[in-house]
Q: 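Pasting a structure below so you can have a look.
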Amino acid sequence: MSQTAPVPAIVLDKVNKWFGSLHVLHDVSLTVAERERVVVCGPSGSGKSTMIRCINRLESHQEGRIVVDGVELTDDLRALDIIRREVGMVFQSFNLFPHLTVLENCTLAPIWVRKTPRAEAEEQAMEYLRRVKIPEQARKYPGQLSGGQQQRVAIARALCMKPKIMLFDEPTSALDPEMIKEVLDTMIELAESGMTMVCVTHEMGFARQVADRVVFMDQGEIVESNTPRAMFENPQTDRLKLFLSQILRGH
Amino acid sequence: MTPGTVRQRPVETVLGPVAWLRANLFNSWWSSAVSILLLYAILRWGVGIADWAIFDAVWAVPVGPNGPDSSLCRQAGAGACWAVIGDKYRLILFGRYAYQEQWRPAIVILLFIGLYGISAWRRFWRWELALIWLGTLTVCGVLMWGGVFGLQYVAQEEWGGLPITLMLATFGLALAFPLAVVVALGRRSTGMPVVRWLCVLYIELIRGVPLISLLFMASVMFPLFMPEGMNPDKLLRAQAAYVLFAGAYLAEVVRGGLQALSRGQYEAADALGLSYWKKMGLVILPQALRLVIPPLVNTFSSNFKDTSLVLIIGIFDLLTSGKVAMADPRWLGFGTEIYVVLAAVYFVFCFAMSKYSRGLEREFSHSHTR
């Protein structure tokens, strides 16, 4: 891709979604450029997790278009396979596979989806485990690790697929306070390496440090979208002001 | 508690059998009374059993010109008449199989047991195991039927006893289990309502009907609907009915395991780009099946014993051949001894199964503490 006319990594165009009669995404439009880091924040129930889960179709949208890496998400399973291969996801509850070792967790998808030879996949997995600073845990099972370590394994597992885009769905919300930092440090390092990232989080420090843009959602809509500095120092809407006052009081 | 850490015991605890008795059986006058009563009952009963089964038992009887003479067993004060087993064990084990050729079903029994042994070993859990199964079962078929390699041909109607029971159970469960997994997955599929509907129909139909009526249908009604000359043999039909029956129950057990997994496991596999079958085969089923080992083995062992119901449609399994042995006029009245032995055979197989499953559970819980 040429530097002069970058193709956006993710395009959401007037996306609508309902859970039954509940309108959870309301005309959501968002464009994420390649190598851009976007933090999505908002009160719980604002639709931010649903939106990020629509990007790799863990949830399907009912109206509008979602184009990821130039491929439109439809009911076509082949397109979905391509997109899921290129989009990594990290979950709030880690979702490591408890019956596999850390190393096997990391090599499963490369071996079975990318058809990487086992030896190469393991070498690569060790490389990523070193990057998230837990190569010594490779032979252990997820249940033997702390929450922070598990989440770092989950990040490594997603990276092993060499994705172009990484999605983070509240990656630190299930962690004890003393473990949040180690996960955030890993994510900051990843951001600095130039990965395209969309991250749902309440960690405003993280947003300030690495985000190119912060998107504020409320009641299924994108209310504001701006640089972190502008967002935090000069909120335009009452809803964002209220939200900021609520989360900053806790910090 | 992690292994290796020693928990300190409370200081007052006194160790030793006497202290244990005091703490557990005689800690109040009420519990002492119950303990004494129960001990008395157990002793009385145990002594009675031992007298009957061992001390007063008749182990052998003289063989007269008209065959064995059971009058020794009929004397007053005689206990169990194990001589009937000595006389009839080949009929019980092999049914009406040609007497001179009974070494063949004997080897088949050993082959089956060997097959279980190898399959139980996790080291052999590779695809080559399927070849071993195929090879062993072929050898079993050759041995049972004969007609090749200079073996005398023995028609399937003449087979009987333990090989039939093991065959029904082995083929039955080996085929019912994969069927059950597919049906359980089908019942949970969201994208294919017709498939789900068919799976529900199958499970509910089979579960709503007793095995005996299924066996009757297979043996009596099924031939009526088949065109002339197209009539698979009775054992095969019973086997098919048994597979369908076991499959429905196992499917529900497997479904329980699938439901016990968190949605996150499915989503993580999806997010990594695993296809449906890879997701199921590599992530979901390995976890789901481990979770349901206890109910799975429950169903396995109850199905193993249910093979004895083929007695109803006249297939010569272990129980049927035992019944035939009891009907011998010379040994009339010694059914108890034969039933005890039959029960022991069923027990050995079921106990081995549950023992093995507990070992598996332990092994799996070692590999990952949740």
Side-chain angles (χ1 to χ4, degrees), chain A residues 49 52-53 55-60 75 77-78 80-102 104-115 139-145 150 153-154 157-163 165-169 174, chain B residues 1-5 122 125-127 181 185 188-193 195 254 257-294 296 357 360-370:
Chain A
S49 279
I52 200 175
R53 288 157 59 86
I55 295 174
N56 65 351
R57 212 174 171 80
L58 289 181
E59 308 278 359
S60 54
D75 287 328
L77 287 175
R78 285 235 313 285
L80 183 61
D81 278 349
I82 294 170
I83 287 168
R84 281 183 174 164
R85 231 173 282 171
E86 303 304 336
V87 179
M89 184 156 197
V90 175
F91 298 87
Q92 179 176 352
S93 49
F94 328 140
N95 294 344
L96 293 175
F97 306 133
H99 63 300
L100 300 176
T101 62
V102 165
E104 287 165 342
N105 264 282
C106 292
T107 56
L108 186 77
I111 290 174
W112 291 92
V113 179
R114 286 234 191 261
K115 312 282 179 209
R139 304 280 162 192
K140 286 195 184 164
Y141 285 89
Q144 296 166 304
L145 307 186
Q150 289 193 45
V153 172
R157 175 176 74 175
L159 290 177
C160 281
M161 281 296 279
K162 305 223 161 110
I165 301 164
M166 284 284 283
L167 308 176
F168 293 83
D169 187 4
Chain B
M1 200 168 71
T2 52
T5 60
R122 280 189 78 191
W125 288 7
R126 289 182 271 159
W127 69 271
V181 170
L185 292 176
R188 277 177 60 80
S189 83
T190 44
M192 297 180 287
V195 171
V254 174
L258 293 175
Q259 265 166 355
L261 291 188
S262 76
R263 230 177 103 199
Q265 291 292 313
Y266 291 84
E267 289 179 349
D270 281 338
L272 284 170
L274 292 169
S275 67
Y276 177 81
W277 289 108
K278 282 174 188 156
K279 169 174 75 173
M280 288 302 165
L282 296 167
V283 176
I284 304 300
L285 284 173
Q287 295 184 64
L289 295 182
R290 281 169 204 203
L291 284 175
V292 294
I293 287 175
L296 215 50
S357 79
L360 260 194
E361 273 179 67
R362 244 196 325 273
E363 208 172 317
F364 285 142
S365 66
H366 271 308
S367 67
H368 65 283
T369 24
R370 265 177 193 264

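Residue numbering restarts at 1 for every chain, and letters A, B, ... go by the order of the sequence lines. All values derive from a computational prediction rather than experimental measurement.
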Q: So what's closer than 4.5 Å to chain B heavy atoms on Phe91(A): side chain, backbone, both or neither?
A: side chain

Q: Non-hydrogen atoms of chain B under 4.5 Å away: do they reach the side chain of Val90(A), the backbone, both or neither?
A: neither

Q: Side chain, backbone, both or neither: which part of Arg53(A) has an atom under 4.5 Å from a heavy atom of chain B?
A: side chain

Q: Please tell me if the side chains of Asn56(A) and Asp270(B) come closer than 4.5 Å, counting only heavy atoms from C-beta onward.
A: no

Q: Among residues at least two apart in sequence or on other chains, which ones pass side-chain hydrogen bond (donor to acceptor under 3.5 Å, both in side chains) with Lys162(A)?
A: none

Q: By a 4.5 Å heavy-atom criterion (distance strictly below it), what part of Leu80(A) contacts chain B: side chain, backbone, both, or neither?
A: neither

Q: Side chain, backbone, both or neither: which part of Glu104(A) has a heavy atom under 4.5 Å from chain B?
A: neither

Q: Please report the interatomic distance CZ(Arg263(B)) to CG(Leu58(A)), rounded to the nearest 0.5 Å.
A: 8.5 Å

Q: Heavy atoms only, distances under 4.5 angstrom: which of Thr101(A), Asn95(A), Val87(A), Asp81(A) has the most pairs with chain B? Name it, please.
A: Asn95(A)

Q: How close do Arg84(A) and Gly273(B) get, heavy atom to heavy atom, and via which atoms?
A: CB-CA, 3.9 Å

Q: What I'd like to find out is whether the side chain of Leu272(B) reaches to under 4.5 Å of the side chain of Val113(A), using heavy atoms alone.
A: no

Q: Once you round to the nearest 0.5 Å, how far does CZ of Phe97(A) lie from CG of Leu282(B)?
A: 9.0 Å

